[in-house]
Amino acid sequence: MSKATAIAHPNLAFLKYWGKRDSTLNIPINNSISMNLDAVQTVTTVEFNAAFANDEVVVLEQGGGGRARFDQRVSKHLDRLRSRAGSSLRARVITRNSFPAGTGFASSASGFAALTMAGSAALGLDLSERELSILSRMGSGSASRSIPDGIVEWLAGDSSDTSYARQLVPPDYWQLIDVAVLVSAEEKKVSSSEGHELAMNSPFWPVRLEALPGKYVRMSQAIHDRDFITFGRELESEAMMMHTIMMTSAHMDGDAWRSGIYYWTGDTLALVQAVQEWRAAGLQVYFTLDAGPTVHLICLETDREAVVSAVNMLAEQSGRAHWSLTVNRPGLGARLTDAHLEAR
Ligand code: DP6
């Protein structure tokens, strides 16, 4: 088979990957934990053909910049797959996201997971889940976690072969809901890859390093025990700790000195404050955010409707008609499909 198509979902980090031990291989500082988001996805078709002179990337229905850089990353990733298969064929990659890139859904995660799965199948490689996770990681670290099903842990490891993701619990283990509130469709100004490099500039970095092993143990245990309150507190504290690191990662931006990176907008802050109030009023909801302004509200299935109504009411009362909501449950990992995409 020289053509294959794969579907992969973005994942939402519960315990974050922020800071790398090796930035060429994307080996992280710490173990991380995430959930695949079932309502949003990337579909990617890869075809290798002796008639193609160059790699070509066609992105369907997606606005936004950063294309040249994206194409380069894809081509570099195809080289990894080609060298694995001993092939020199060039490829056409057609890809479609069901969500805008760079806004808090990790498009690079689903993108590189789908590319790895489709590309390796198109080259006739028969790879294990672990091998697929390792290869995806080299494209984008968080993509390693979009390979297995459900709620997933990425073991940091200390070499390329030991740094991979595996399932923590299957998708139906726990009825967790993510109400993702997209507050802005604008692409972020500082990419995650750039942000990772700046993390160590924060004066709070040593505090984070010390806290990480305990966070991993407590969060995995809370998930296994389906202990929502412990989980929610860990989740929200973790998001705040990562964003504290980001907001205090001083750096030069050309000639301009910046005291840190802000992925938040005013709308992000409004939601973060609202969640605290809703919880004080008895609603069991917690928030987390990745490297973008999108706020992810985490609750149990039993509180889904109440959380959605609370967000809609806040949007209406504060004149924020542009917010858009996506309700996600724990999703499957990357998989092949017969429905190939066609370039238009
Ligand atoms: C904030 O995986 O996008 O979403 O490995 O450089 O491609 P690269 O970075 P990326 O970083 C994701 C950062 C995060 C946290 C997380 O997903 O754990």
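All residue numbers refer to positions in the sequence shown, counting from 1. When a ligand or atom number is given, it counts from 1 through the structure's own listing order.
- Listed by chain and residue number, the protein contacts of ligand 1 are Ala13, Lys16, Tyr17, Trp18, Lys20, Asn26, Arg73, Ser108, Ser140, Gly141, Ser142, Arg145, Ser192, Ser193, His196, Met242, Asp290, Ala291 (heavy atom within 4.0 angstrom).
- Applying the salt bridge (charged side-chain N to carboxylate O under 4.0 Å, His left out) criterion to Asp158, with sequence neighbours excluded, gives no partner residue.
- Counting only N and O atoms by type, the side chains of Asn97 and Ser107 include no donor and acceptor under 3.5 Å apart.
- No side-chain donor from either of Ser249 and Asn201 sits under 3.5 Å from a side-chain acceptor of the other.
- Here side-chain hydrogen bond (donor to acceptor under 3.5 Å, both in side chains) pairs that include residues 302-312, with residues two or more places apart or in two chains, are Glu301-Arg304.
- A cation-pi contact, defined as under 6.0 Å to the ring centre and within 45° of the axis, is absent between Arg137 and Tyr164.
- Under the salt bridge (charged side-chain N to carboxylate O under 4.0 Å, His left out) criterion, Glu238 pairs with Arg208, Lys215, sequence neighbours left out.
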